[in-house]
There are 2 protein chains.
Amino acid sequence: MELDSRKKAILYAIIENYQETGEPVGSRTISKLDNLKFSPATIRNEMADLEEMGLIVQPHTSAGRIPTDKGYRLYVDRMLEEQKARNSELPALPMNDLLSRRIDRVEELLVKMAQILATNTNYTTMVTGPHYRKNKLKFLQLSSLEEEKLLVVVVLEGNIVKNHILTIDEKPDPQELLNLSFLLNNKLNGLSLEDINLGLISALKEEAGNFSDLVSRILDAVAETFAQDESYPIYTSGAPNIFRYPELTGGDRASELISTLEEKKELGTAIGQLSEGGSKQDIQVFIGDEVPVDSMKDCSVVTATYSLGEGVQGKIGIIGPKRMNYQKVVDTLKDTMNQLDKVFTKPEE
Amino acid sequence: MELDSRKKAILYAIIENYQETGEPVGSRTISKLDNLKFSPATIRNEMADLEEMGLIVQPHTSAGRIPTDKGYRLYVDRMLEEQKARNSELPALPMNDLLSRRIDRVEELLVKMAQILATNTNYTTMVTGPHYRKNKLKFLQLSSLEEEKLLVVVVLEGNIVKNHILTIDEKPDPQELLNLSFLLNNKLNGLSLEDINLGLISALKEEAGNFSDLVSRILDAVAETFAQDESYPIYTSGAPNIFRYPELTGGDRASELISTLEEKKELGTAIGQLSEGGSKQDIQVFIGDEVPVDSMKDCSVVTATYSLGEGVQGKIGIIGPKRMNYQKVVDTLKDTMNQLDKVFTKPEE
DNA sequence: TGTTAGCACTCAGTAGCTTGGAGTGCTAAC
DNA sequence: GTTAGCACTCCAAGCTACTGAGTGCTAACA
């Protein structure tokens with residue numbers, strides 16, 4: 001059977017009506033639309049065809065139709081196609097404040113951004129922290145804080161900074177500390193985690209003499225910083241928004257979804273898989289069963305990759321019911337990406 | 001009317017039975033208990049008295065009784081009284097791993113601790129980040145990262161460390177940077193936010209000469225660090241646990257509770273008020289209406305103050321239904337406080 | 001050949017009714 | 001002071017009937 005333009009129009013009309021109401025859509029409702037002024041009977045015939053093609057279904061015999069995953073997929077694909085030509089008509093999100101301020105704390109920015117996205121779309125947002133693959137050590141700094149504490153500041157490429165406070169036996173002489181710092185920076189800067197191998201480590205320890213113990217603890221701190229960069233954090237916002245969509249909260253599902261959002265681990269691996277494929281800055285849409293998280297099989301997820309320059313990047317995902325307003329979500333995400341890009345790729349001309 | 005010991009026994013029996021089942025408790029159930037072998041009729045007479053005293057109520061005419069806030073209050077007060085004498089019989093929580101490891105990252109420790117508490121009690125946990133009142137600047141460090149970036153590390157008393165990356169016009173000469181760093185540390189260390197007044201600031205700027213602009217930006221960073229210390233973060237864990245208790249999730253209440261937990265602001269002010277009164281390390285129990293958060297009027301909250309030494313302290317709160325197992329929660333919290341204290345107050349003998 | 005009107009049919013949801021069980025309060029007897 | 005007995009109340013579950021929305025099918029129409 002062929003999917004002629006009238007069938008398409010009816011399918012899209014069903015989808016859009018169902019997006020608004022959340023109720024199955026009947027033939028009468030469609031026949032009242034301006035661009036589909038046929039009798040309900042005609043619409044019913046077409047609907048029977050659409051059902052045969054697997055694009056819509058009836059929840060029960062005497063109900064209207066709702067779209068299937070396949071139906072949504074068709075709709076979204078067309079939408080994304082048209083999107084390329086079209087410019088967003090949405091007003092830009094009010095992130096200007098956020099982005100124009102000096103961005104010393106990227107994480108805070110991301111959390112705020114997630115909040116804005118969540119409140120603006122009424123869906124749930126998740127953001128992975130900035131993430132730099134195969135990162136390298138840029139800079140290492142030692143300073144003694146007080147009798148038995150040593151502050152180690154580790155800076156990675158992409159200006160990811162972590163502090164570690166080590167408790168040590170005795171306060172080292174400032175000159176010695178300076179020497180040690182020089183030694184470490186000299187040998188380690190520019191190296192990735194893999195580059196720092198056992199041979200290098202033992203050579204370092206030898207050169208450090210008395211401080212070989214301290215050196216290995218500092219190296220632990222460095223390793224931990226790398227590890228943290230690998231296991232990037234995930235922020236979520238707007239989790240309670242799922243309560244707006246009864247189809248997600250029926251039964252115990254609310255609890256499962258909230259749990260998934262709270263335990264961010266599973267989300268992390270999932271979101272990792274999600275966008276392996278997508279080319280840079282592309283927006284991807286996952287509908288229902290396409291979502292690689294079990295508790296989200298009734299949801300759709302729209303993801304985008306943000307980039308903070310210098311190879312540092314992460315993901316933003318918007319989670320909502322399958323009847324989410326894809327148009328709006330995609331527009332909003334594109335807008336957000338653009339705003340971010342403007343700020344980060346041209347550093348303050 | 002007097003509350004004799006049999007009445008008390010019946011009240012406590014009702015409370016404990018209701019804790020387990022969540023169902024109103026009838027006279028037959030009580031009369032089957034070993035220590036209350038009277039006929040149901042006798043129990044009913046006593047129950048009528050307890051109801052008159054406002055300690056229990058019937059949800060509807062022909063139902064069993066459930067405790068009122070006042071009834072819980074009586075029960076909890078007695079429990080806390082006995083607690084003082086008694087030693088916890090609970091096995092210690094498996095935090096040993098957590099605590100015996102070197103604690104370089106306090107926040108991570110707190111988050112993990114919240115998780116352990118939540119999974120162990122099956123209630124929701126909230127923890128305020130460490131919080132040091134009237135903090136002082138301990139140490140300030142400047143290092144140039146690359147052409148236009150300057151890393152400022154600010155350390156407060158209590159070893160609270162924050163990084164700020166400033167974007168500057170030109171890379172300063174290393175010697176000048178050293179001078180500037182020396183000047184700032186010399187003038188500012190040991191001062192609180194209030195001590196750094198306008199006079200001091202203008203004097204500093206004058207001394208800094210060309211760098212007066214930079215100085216004011218560094219001071220901004222310092223101020224922000226103080227501010228962050230004031231607006232301490234709040235971590236929550238186990239929010240989905242509320243779904244275990246139907247009396248909390250009926251209607252839209254689940255959504256409200258989850259929202260409150262996600263928007264941590266309100267929690268913050270509330271938890272601040274909560275424990276103003278309590279003396280150090282005391283455990284406080286808030287039942288129903290006593291909780292100063294509207295959406296939690298159907299809950300009880302048990303709080304404790306933890307101390308990381310050097311005046312740094314914060315709060316832990318456990319949120320559950322009014323029929324929560326107060327005994328277990330209080331024991332668990334005490335145990336946790338003790339374990340924390342052991343680690344932090346005697347720094348590694 | 002595509003469109004429409006009409007009709008019988010299905011089914012979810014709701015309201016009303018009945019029934020059973022749990023629990024109470026009260027009274028009278030022990 | 002305690003207990004047995006009894007009438008009473010009320011929730012919850014199950015049943016029935018009804019309504020309304022929506023369908024599929026057939027036959028007539030343009």
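Bear in mind that the values here come from a model prediction, so they are computed numbers and not experimental data. Atoms considered below: every heavy atom in the structure, side chains included; atoms not considered: hydrogens, waters and symmetry mates. Lettering follows sequence order; numbering is per chain, from 1.
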Subject >> Candidates C/dA12, D/dG24, C/dA5 - which lies nearest the side chain of A/S39 >> reply: C/dA5
Original post:
Taking any strand in view, what nucleotide pairs with D/dC29 in a Watson-Crick or G-U wobble way, both distances under 3.5 Å?
Top reply: C/dG2
Original post:
Within less than 4.0 Å of OP1 or OP2 of C/dC11, is there a side-chain N or O belonging to A/T61?
Top reply: yes
Original post:
Is there a side-chain polar atom (N or O) of B/S27 under 4.0 Å from OP1 or OP2 of C/dT24?
Top reply: yes
Subject >> N/O donor-acceptor pair, side chain A/S62 with base C/dT10, under 3.5 angstrom >> reply: yes
Original post:
Is B/R44 near enough to D/dA4 that one of its side-chain N or O atoms lies under 4.0 angstrom from OP1 or OP2?
Top reply: no
Subject >> 5′-ward residue of the pair A/R65/B/F38 relative to DNA chain D >> reply: B/F38
Original post:
Between A/G64 and B/E46, which is nearer to the 5' end of DNA chain D once each is assigned its nearest nucleotide?
Top reply: B/E46
Original post:
Using a cut-off of 4.0 Å on non-hydrogen atoms, how would the nucleic acid contact of A/T42 be classed: base, sugar-phosphate, or nothing?
Top reply: base
Original post:
Is there a side-chain polar atom (N or O) of B/R6 under 4.0 Å from OP1 or OP2 of D/dG1?
Top reply: no
Original post:
Are B/D69 and B/R73 ion-paired here, with the side-chain N under 4.0 Å from a carboxylate O?
Top reply: no
Subject >> Length of the CG-P vector between A/N45 and D/dC25, whole Å >> reply: 9 Å
Original post:
Do B/Y75 and B/E16 get their side chains close enough for a donor-acceptor pair, meaning under 3.5 Å?
Top reply: yes
